[in-house]
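Shown next, in structure tokens, is the structure this report addresses.
Counting starts at 1 for both ligands and their atoms, in listed order.
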Amino acid sequence: MAFSSSFSVMFVVVVWMMVGSSSYAQLSTNFYSKSCPKVLSTVESVVKSAVSKEKRMGASLVRLFFHDCFVNGCDGSILLDDTSSFTGEKTAAPNNNSVRGFNVVDDIKAKVEKACPGVVSCADILALAARDSVVILGGPGWDVKLGRRDSKTASFSAANSGVIPPPTATLSQLINRFQARGLSAKDMVALSGAHTIGKARCVLFRGRIYNETNIDTSFAKARQSSCPRTSGSGDNNLAPLDVATPDSFDLKYFNNLLNKKGLLHSDQILFNGGSTDSLVKTYSSNTKKFYSDFVTAMIKMGDITPLTGSNGEIRKNCRKPN
Ligand code: HEM
Ligand SMILES: *[C@@H]1O[C@H](CO)[C@@H](O)[C@H](O)[C@H]1NC(C)=O
Ligand SMILES: *[C@@H]1O[C@H](CO)[C@@H](O)[C@H](O)[C@H]1NC(C)=O
């Protein structure tokens with residue numbers, strides 16, 4: 001009797017410690033089902049109207065989520081403007097003049113705050129907006145794990161440190177940088193399939209279209225026509241990452257790679273005689289497999305060191321700590 005009651009006291013204490021400790025807190029797909037049942041439809045409707053105005057916005061929102069998660073985890077840090085106490089991530093090399101969609105996130109946040117003030121994090125809004133964008137552009141859907149909280153700070157230096165690989169990266173650098181975030185080579189290739197939508201600037205593919213040999217000649221010529229050889233001229237001219245179907249989330253990106261029509265060096269390197277060739281081939285003819293690996297990898301990416309429990313905060317304005 002004495003043994004069994006002290007045993008049950010201990011059991012209760014252990015369970016209480018596990019539930020109470022924020023390190024135990026987990027993301028879950030029903031996190032807001034009681035506290036903000038409207039969050040899913042609210043995010044979806046704002047993303048829908050933004051993408052119907054400009055298809056590219058869907059791509060931009062997907063990329064925001066990636067760049068948020070790779071720098072100190074999915075904590076909304078990329079959304080913070082500079083303050084007097086820190087320089088944020090927006091002007092770091094991978095982001096400056098490149099990431100976009102902040103106004104759409106503000107719009108989503110304003111509507112969500114109206115429905116349920118102080119409840120939904122900016123980090124979760126990014127995760128939902130990325131999923132909704134993929135779906136709206138014709139890609140797969142999935143249940144988004146929620147319950148992330150927002151950082152109180154952002155890190156220019158972390159965003160600049162190379163955790164987000166540059167488009168000049170070698171295959172082993174790409175693999176290593178994803179590995180460093182707990183993502184496999186397979187996840188990396190599947191996630192690169194996000195380049196089936198969106199655009200890139202001339203300055204980031206000039207070297208490829210003028211100097212590389214593993215490129216389709218007529219494709220290179222077409223890209224050169226709006227991206228001058230001379231550095232500094234036309235740097236911001238845009239070209240679609242997927243030459244075939246730039247506004248559809250499909251497998252054409254991988255098809256392009258088989259035809260040496262990858263736009264970025266980091267795209268074509270995935271099909272250039274190396275260890276990822278066979279996966280690219282598979283995805284190029286198997287939508288189901290691409291979608292299922294992409295979804296798995298997006299969920300994994302969304303799990304990168306979130307703030308949970310009582311860590312961080314729920315920002316009122318995604319651009320500023322409370
Ligand atoms: C594998 C390593 C990756 C590299 C080196 C890379 C590099 C780039 C570059 C250089 C651009 C063009 C930026 C500009 O012109 O300013 C871009 C755009 C884009 N990236 Fe990636 N990326 C990678 C992985 C990913 C991942 C994992 C995702 C999402 C799952 C993603 C989604 C996108 C999207 C959607 C765009 C177009 C954005 C827009 O049009 O606004 N990328 N990427
Ligand atoms: C970001 O881009 C702007 C405009 O091109 C430039 O003036 C600024 O120096 C860049 N910031 C950083 C930190 O490189
Ligand atoms: C092409 O390569 C040459 C030799 O390495 C280099 O000098 C030149 O700047 C490169 N051109 C472009 C457009 O990257």
Side-chain angles (χ1 to χ4, degrees), residues 51 54-70 74 82 87-102 104 126-127 129-131 133-134 137 139 156-157 159-160 162-171 173-179 181 183 185 187-213 220 223-224 227-242 246-247 249 253 262-270 276 293-295 297-302 304:
V51 175
E54 186 204 12
K55 290 272 169 56
R56 185 189 179 196
M57 190 50 72
S60 304
L61 292 170
V62 172
R63 186 163 183 246
L64 266 187
F65 181 55
F66 162 47
H67 284 207
D68 184 35
C69 291
F70 263 55
C74 312
D82 297 350
T87 303
E89 296 164 21
K90 291 181 176 179
T91 55
N95 297 334
N96 199 22
N97 305 308
S98 184
V99 288
R100 55 202 293 281
F102 298 111
V104 176
L126 284 181
R131 185 273 313 270
S133 296
V134 168
L137 295 174
F156 177 83
S157 59
N160 241 350
V163 287
I164 298 171
T168 50
T170 64
L171 182 57
Q173 285 168 339
L174 293 176
I175 292 172
N176 289 337
R177 281 162 194 205
F178 277 67
Q179 202 93 61
R181 289 292 173 267
L183 299 169
D187 296 326
M188 186 273 289
V189 175
L191 288 170
S192 295
H195 290 178
T196 179
I197 52 175
K199 295 179 181 182
R201 290 171 299 149
C202 165
V203 64
L204 298 173
F205 59 80
R206 179 180 283 131
R208 168 151 174 76
I209 62 174
Y210 286 103
N211 268 350
E212 296 189 353
T213 51
R223 287 293 160 265
Q224 288 168 6
C227 179
R229 180 190 291 271
T230 314
S231 157
S233 60
D235 282 3
N236 294 323
N237 293 355
L238 295 170
L241 284 157
D242 172 357
D247 294 324
F249 197 99
Y253 166 81
L263 183 63
L264 304 175
H265 172 81
S266 53
D267 292 323
Q268 196 59 56
I269 206 70
L270 303 178
T276 51
D293 288 356
F294 178 80
V295 164
M298 283 294 277
I299 293 170
K300 257 170 103 170
M301 189 166 82
I304 298 174

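For atom 29 (C) of ligand 1, the nearest protein heavy atom (residue, atom name, distance) is Ala194 CB, 3.5 Å. Atom 41 (O) of ligand 1 has Ser60 OG, 2.6 Å as its closest protein atom, hydrogens excluded (heavy atom only). When hydrogens are left out, the protein atom nearest atom 35 (C) of ligand 1 is Ala59 O, 3.2 Å; that is the closest non-hydrogen contact. Protein heavy atom closest to atom 27 (C) of ligand 1, with residue, atom name and distance, is Leu191 CB, 3.6 Å. What sits closest to atom 25 (C) of ligand 1 on the protein, heavy atoms only, is Phe66 CE2, 3.3 Å.
Atom numbering of ligand 1 starts at 1 in the shown order; those under 4.0 Å from a heavy atom of Leu241 are 18 (C), 19 (C), 36 (C), 37 (C). Ligand-side atoms of ligand 1 in range of Leu264: 7 (C), 8 (C), 9 (C), 10 (C), range being under 4.0 angstrom from any heavy atom. When each atom of ligand 3 is checked for a heavy atom of Arg206 under 4.0 Å away, the hits are 13 (C). Counting the atoms of ligand 1 from 1 in the order shown, those under 4.0 Å from a heavy atom of Ser98 are 13 (C), 14 (C), 16 (O). Within ligand 1, the atoms closer than 4.0 Å to a non-hydrogen atom of Ser266 are 5 (C), numbered from 1 in the order shown. Using a 4.0 Å cut-off to heavy atoms of Ser192, the atoms of ligand 1 that qualify are 1 (C). With ligand atoms numbered from 1 in the order given, ligand 1 contributes 12 (C), 15 (O) to contacts under 4.0 Å with heavy atoms of Ala200. Atoms of ligand 3 found under 4.0 Å from any heavy atom of Gly207, numbered from 1 in the order shown, are 14 (O). For ligand 1, the atoms sitting less than 4.0 Å from at least one non-hydrogen atom of Pro166 are 5 (C), numbered in the order shown with element in parentheses. Counting atoms of ligand 1 from 1 in the listed order, those under 4.0 Å from a heavy atom of Arg56 are 39 (C), 40 (O), 41 (O).
By the 4.5 Å heavy-atom criterion applied to side chains, Ser133 and Phe249 are not counted as neighbours. You'll find the side chain of Leu126 stays beyond 4.5 Å of the side chain of Cys74, heavy atoms only. No side-chain heavy atom of Pro240 sits less than 4.5 Å from a side-chain heavy atom of Ile197. Taking 4.5 Å as the limit, some side-chain heavy atom of Arg206 sits within range of a side-chain heavy atom of Asp235. Proximity of Met188 to Leu183: side-chain heavy atoms (C-beta onward) are nowhere separated by under 4.5 Å. With contacts defined as side-chain heavy-atom distances shorter than 4.5 Å, the pair Phe65/Met298 qualifies. Side-chain contact check for Thr170 versus Ile269: every heavy-atom pair is 4.5 Å or farther apart. Between Arg177 and Pro166, the closest side-chain pair of non-hydrogen atoms falls below 4.5 Å.
The shortest heavy-atom distance from Phe205 to ligand 1 is not under 4.0 Å.
The distance criterion of under 3.5 Å between nitrogen or oxygen atoms is met by Asn211 with respect to ligand 3. Not a single N or O atom of Arg100, backbone or side chain, sits closer than 3.5 Å to an N or O atom of ligand 1.
Within the 4.0 Å heavy-atom criterion, neither part of Phe65 lies near ligand 1. Residue-level proximity to ligand 1 for Val99 is absent, since no heavy atom of it falls below 4.0 angstrom. Only the side chain of Leu204 comes within 4.0 Å of ligand 1, judged by heavy-atom distances.
Scanning all heavy atoms of the two residues, the minimum distance from Leu263 to Ala239 falls at CD2-O, 3.8 Å. Between Ala59 and Gly198, the closest heavy-atom pair is CB-CA, 3.4 Å. Across every non-hydrogen atom of Val62 and Ala194, the tightest pair is CG1-CB, 4.3 Å.
For the pair Gln224 (side chain) and Arg229 (backbone), a donor-acceptor distance under 3.5 Å is absent. Put simply, the side chain of Asp82 gets close to the backbone of Gly88: a donor and an acceptor are under 3.5 Å apart. A donor-acceptor pair is defined here as one N or O able to donate and one able to accept, closer than 3.5 Å; such a pair exists between the side chain of Arg181 and the backbone of Phe70.
For the residues Arg201, Arg63, Arg177, Lys55, the heavy atom positioned nearest atom 15 (O) of ligand 1 is part of Arg201. For atom 20 (N) of ligand 1, the nearest non-hydrogen atom from the set His67, Glu54, His195 comes from His195.
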Which pairs of N or O atoms, one from ligand 2 and one from the protein, are separated by less than 3.5 Å, and what is the distance for each pair?
from	atom 1	to	atom 2	distance (Å)
ligand 2	2 (O)	Asn96	OD1	3.3
ligand 2	2 (O)	Asn96	ND2	2.4
ligand 2	2 (O)	Asn97	ND2	2.9
ligand 2	5 (O)	Asn97	ND2	3.1
ligand 2	11 (N)	Asn96	ND2	2.9

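Heavy-atom contacts from other residues, nucleotides or ligands closer than 6.0 Å to NZ of Lys300 number more than 12.
A side chain to side chain contact (heavy atoms under 4.5 Å, CB included) with Arg56 is found for one member of Leu238, Leu61, Val51 and no other, namely Leu238.
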(message) Does Arg63 form a side-chain contact (heavy atoms from CB on, under 4.5 Å) with Val99? I'd like the steps, not just the answer.
(response) CA-CA 7 Å; Arg63 186 163 183 246; Val99 288; 3.9 Å; yes
